[in-house]
K.L.:
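Can you keep this structure in mind? I'll have questions shortly.
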Amino acid sequence: MAGDVTVRLPDGSSKTLAGGTTAHQLAQSIGPRLAKAAVAATVDGVEFDLDRPLPDGAEVALVTADSEAGRAVLRHSTAHVLAQAVTDLWPGAHYAIGPSIAEGFYYDFALPGGAHFSDADLARIDARMRAIIAQDQPFTREEHSIEEGLTLFADQPYKAEIIERVGADHELSEVASGDLAPGTSGVSVYRNTEGFVDLCRGPHVPSTGRLGHFALLRVAGAYWRGDEHRPQLQRIYGTAWESAKALTEHLHRLEEAERRDHRRLGAELDLFSFPAEVGPGLALFHPKGGLVRRLMEDYSRQRHDEAGYQFVTSPHITKADLFETSGHLDWFADGMYPPMELDDGQKYYLKPMNCPFHILVYRSRQRSYRELPMRLFELGTVYRYEKSGVVHGLTRVRGMTQDDAHIFCTREQMAAELQSILGFVLALLREYGLDDFYLELSTKPPGKAIGSDEDWAEATDVLRSVAGDMGLRLELDEGGGAFYGPKVSVQAGDAIGRYWQMSTVQLDFQLPQRFGLEYVGADNARHRPVMVHRVLFGTVERFFAVLLEHFAGALPTWLSPVQAVVLPVRSENQLYADQVVEALRGAGLRAQCDPADDKLGARVRRHKLDKVPYVLVVGDDDVASGTVGVNRRGAGRAERGVAVGAVVDMLVRQVAEHRLPEQAPGDRAPGDRAPGDRAPDGGVGR
RNA sequence: GCCUGGGUAGCUCAGCUGGUAGAGCAGCGCACUCGUAAUGCGCAGGUCAGGGGUUCGAGUCCCCUCCCAGGCUCCA
């Protein structure tokens, strides 16, 4: 029939439909469930509203709400409703951009008179949004010229700025806000019944009634266009999901992340603190935290020893000259503590990096090619003057210890060396229970780098090819390199799916040149070595934090500050309990006794909350038969009557093998709370 | 550095519109000697982050500083 259109579906089949058929009608023709789940469609790879007619010959796929693309549509549409609610409640408010993001959305506003949002406002906005959703207002798309767009948004300066930018650049395929129609010289807007109109590329759900499983989370300040020289806007963050269940699960994940927060665990488990008297970003490690740190550091030293690294040590401060030569004072001065002036006005700096010192070790005498690759390693404590707003627990501090190595090698050796470094790094991270990795390649930072483009290109190519051989996903971080060279970083996923930057490997042609490094080759001529900068944990502090969160505080037995606690059931069992502790200690284990001054249940609970891997209970039966009751962390029930020798052997083996916990999370009773928490009051979250 | 919100006992928090502080847990003491996630009673503990101001009187109102949280920017 004339005017029919034929479209192809993802399964390869074709469907012929009456001309003007929309994606929604197509979905209905396939099935009511699909029609209900669909929130948008892709037409030849471009996202479309459901009510737009399908062109003939198109490849059409329906986007359902339970896909990532579908959630993005839900979130973006929810952001529109948020903006509508805010403009309802604050007439004259300017709205800027409101994209969907990884697990939610945000919208930026400038309120009249410079007003700002409060938590109470969030509740009001939430209520208004729900009213809009209840009205099931349709989202209607319109397309306008640039000029019409400017008229439409005459009183919305941020929207006008976006439109002007589109007008100035027709080729603009996408803007950060995601608000514009790609490849067009006009703009599209979406309108709903109450007259709210927003600049938007789309697509949107057909009507607000399709939304509703959302939560507004927090308000924050954010610079317009992310530029700290531009006005600061009021941002509202929220999340939205396809179902109440998905929303609830997401909120639970947020609670879980909060429960695992290393700052919280650090205080609860008495590992470290940040006294205000010391200063922001400067941690104090308590005996238990210090012990864990030492275990990690000792093991790191052992592995580096085995891998052919040589150990060096360098001071914490140095004269300015060194950082002038290295270029740090030109390129990194913002990140350094200001100098102290000593002697005759001589400037000394706290070191922000270890590399210049290791370079001087290399340069202390003439080097032969026979010495290369030369791998210098140091647990080097560095200080960086981080802006006050960025310090965060142990993951972003001002004083930190890097497990830092600098490898000097020939150009011929560098590919193999990089490969072996990455292999070494990944192997060690796996031993700590991290096994979900991807790599990130960071390239030359625009405007703040030393060295020629050719050198950067070569270094970047080598890193890319070596990284590509690791069999891991490789992502590009354009412009994210250090000032002296590109880097590959290892991003490790933790137990709840968050990724942390751990190790970085940087290839550097510049510092060897600036410091005039040489080696004498087999040809008896002088050559310039290449340098590789490498951290493995990144910093001991950050790695500690990541491990704590990954294991939810339940560190593997070999890293646990206390590996076993022995509980005599009653005081008459004390002597035997002491003997069990002695047996454990004699085998090199960290064990202690908790005498029967308290109920057994209370003591068990206390040490479980302390995440002690093994709680051993000894009563009359055990005294008689030389056994203990074993309550293993993470296990549901205790095991009775295990021979002392067997327990000692089992623990020794576990520690020697650095065995990982079989079950990291969930070693607390449901609904359980940390010491010091208030009694449950039925409220959700905080 | 910027924005917003905070800072009350070791921890988690309560304290209405100003009338000089309160709970739970932790700590200490006493009693209880108990077989696997909270025994009871008692005691002690706070220059309400620090400084200045308004006031007869400030945890509470105002200003400054410090620190923390969530963001922005930046980054290991």
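Lettering follows sequence order; numbering is per chain, from 1. What you see is a predicted model, and the numbers here were worked out from it, not measured in a lab.
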K.L.:
Which part of the nucleic acid does A:Val535 contact within heavy-atom distance under 4.0 Å: base, sugar-phosphate only, or nothing?
P.N.:
nothing

K.L.:
Give none if B:rC11 has no partner; otherwise give the nucleotide forming a Watson-Crick or G-U wobble pair with it, both distances under 3.5 Å.
P.N.:
B:rG24

K.L.:
Heavy atoms under 4.0 Å, any strand shown: does A:Tyr237 hit a base, just sugar-phosphate, or nothing?
P.N.:
sugar-phosphate

K.L.:
What integer number of Å spans the C1' atoms of B:rC13 and B:rG19?
P.N.:
24 Å

K.L.:
Please report, rounded to the nearest Å, how far the C1' atom of B:rG10 is from the CG atom of A:Leu284.
P.N.:
15 Å

K.L.:
Mark yes or no for a side-chain to base donor-acceptor pair under 3.5 Å between A:Tyr223 and B:rG1, with no hydrogen or angle criteria applied.
P.N.:
yes

K.L.:
Between side-chain atoms of residues 327-334 of chain A and protein atoms elsewhere (two or more places apart, or another chain), which donor-acceptor pairs fall under 3.5 Å?
P.N.:
from     : atom 1 : to       : atom 2 : distance (Å)
A:His328 : ND1    : A:Ser326 : OG     : 2.5

K.L.:
Roughly how far apart, to the nearest Å, are B:rU73 and B:rU17 at atom P?
P.N.:
37 Å

K.L.:
Does a donor on one side chain sit under 3.5 Å from an acceptor on the other, for A:Thr504 and A:Gln506?
P.N.:
no

K.L.:
Which nucleotide, in any strand shown, forms a Watson-Crick or G-U wobble pair with B:rG57, with both distances under 3.5 Å?
P.N.:
none

K.L.:
Using distance alone, with no hydrogens and no angle criterion, decide if A:Thr627 and A:Asp622 have a side-chain donor and acceptor under 3.5 Å apart.
P.N.:
yes

K.L.:
Taking the same atom, C1', in B:rA58 and in B:rC62, what whole-Å distance lies between them?
P.N.:
11 Å

K.L.:
With the side chain of A:Asp621 defined as its heavy atoms from C-beta on, choose the nearest nucleotide among B:rC3, B:rG35, B:rA76.
P.N.:
B:rG35

K.L.:
For B:rG18 and B:rU12, measure between their P atoms and round to the nearest Å.
P.N.:
29 Å

K.L.:
Between A:His392 and B:rG70, does any side-chain N or O lie under 4.0 Å from OP1 or OP2?
P.N.:
yes

K.L.:
Validate the cation-pi geometry between A:Arg235 and A:Tyr106: distance from NZ or CZ to the six-membered ring centre under 6.0 Å, angle to the ring axis within 45°.
P.N.:
yes

K.L.:
Using a heavy-atom cut-off of 4.0 Å across all strands, would you classify A:Gln501 as base, sugar-phosphate, or nothing?
P.N.:
sugar-phosphate

K.L.:
Taking the side chain of A:Leu609 as heavy atoms from C-beta outward, which of B:rA37, B:rG1, B:rA76 is closest to it?
P.N.:
B:rA37

K.L.:
Between B:rA76, B:rG70, B:rU73, which one does the side chain of A:Arg218 approach most closely?
P.N.:
B:rG70

K.L.:
Strictly below 4.0 Å, N to O, side chains only: are A:Glu572 and A:Arg570 in salt-bridge contact?
P.N.:
yes

K.L.:
Using purine N1 to pyrimidine N3 plus N6-O4 or O6-N4 for Watson-Crick, or N1-O2 and O6-N3 for G-U wobble, both under 3.5 Å, which nucleotide pairs with B:rC75?
P.N.:
none

K.L.:
Considering only side-chain heavy atoms of A:Val219, which listed nucleotide, B:rU4, B:rU36, B:rC75, is closest?
P.N.:
B:rU4

K.L.:
With a 3.5 Å limit on both atom pairs, tell me what B:rA69 is paired to, counting Watson-Crick and G-U wobble, or say none.
P.N.:
B:rU4

K.L.:
Flag the pair A:Lys608 / A:Arg605 as yes when at least one side-chain heavy-atom distance between them is below 4.5 Å, and no otherwise.
P.N.:
no

K.L.:
Across all strands shown, which nucleotide pairs with B:rC41 by Watson-Crick or G-U wobble geometry, both distances under 3.5 Å?
P.N.:
B:rG29

K.L.:
Cut-off 3.5 Å, side chains only: do A:Thr381 and A:Thr401 have a donor facing an acceptor?
P.N.:
yes

K.L.:
Classify A:Arg640 by what it touches in the nucleic acid, base, sugar-phosphate, or nothing, heavy-atom distance under 4.0 Å.
P.N.:
base

K.L.:
Check every atom of B:rA76, B:rG71, B:rU73 against the side chain of A:Lys387 and return the nucleotide holding the closest atom.
P.N.:
B:rU73

K.L.:
Heavy atoms from C-beta onward define the side chain here; which of B:rA76, B:rG35, B:rC3 lies closest to that of A:Gln234?
P.N.:
B:rC3

K.L.:
Any strand counts, and the cut-off is 3.5 Å on both contacts for Watson-Crick or G-U wobble. Which nucleotide pairs with B:rG18?
P.N.:
none

K.L.:
Between B:rU33, B:rG35, B:rA37, which one does the side chain of A:Arg605 approach most closely?
P.N.:
B:rA37

K.L.:
Establish, from distance only, whether the side-chain atoms of A:Tyr614 and A:Gln563 form a donor-acceptor pair under 3.5 Å.
P.N.:
no

K.L.:
Ignoring hydrogens and angles, are the base of B:rA76 and the side chain of A:Glu386 linked by a donor-acceptor pair under 3.5 Å?
P.N.:
yes

K.L.:
Over how many whole Å does the gap from A:Leu254 atom CG to B:rG70 atom P extend?
P.N.:
13 Å

K.L.:
Between B:rG71, B:rU36, B:rU4, spot the one nearest the side chain of A:Leu600, thanks.
P.N.:
B:rU36

K.L.:
Contact class for A:Val615 (heavy atom, under 4.0 Å): base, sugar-phosphate, or nothing?
P.N.:
nothing

K.L.:
In terms of side-chain heavy atoms of A:Pro280, which of B:rC67, B:rG35, B:rU36 is nearest?
P.N.:
B:rC67

K.L.:
Show the distances under 3.5 angstrom between N or O atoms of the protein and N or O atoms of nucleotides 39-47 of chain B.
P.N.:
from   : atom 1 : to       : atom 2 : distance (Å)
B:rU39 : O4     : A:Asp598 : OD1    : 3.4

K.L.:
If you only use heavy atoms from C-beta on, which nucleotide in B:rC34, B:rC72, B:rC3 is closest to the side chain of A:Arg570?
P.N.:
B:rC34

K.L.:
Looking at side-chain heavy atoms only, is the closest gap between A:Phe377 and A:His358 below 4.5 Å?
P.N.:
no

K.L.:
Ignoring hydrogens and angles, are the base of B:rC3 and the side chain of A:Arg235 linked by a donor-acceptor pair under 3.5 Å?
P.N.:
no

K.L.:
Given the C1' atoms of B:rG50 and B:rA44, what is the spacing between them in whole Å?
P.N.:
26 Å

K.L.:
For a quick check under 3.5 Å, do A:Glu161 and A:Trp224 share a side-chain donor-acceptor pair by atom type?
P.N.:
yes

K.L.:
So for A:Gln232 and B:rC2, does any side-chain atom that can act as donor or acceptor lie under 3.5 Å from a complementary atom in the base?
P.N.:
yes

K.L.:
Does A:Asp620 make a side-chain donor-acceptor contact with the base of B:rG35, cut-off 3.5 Å?
P.N.:
no

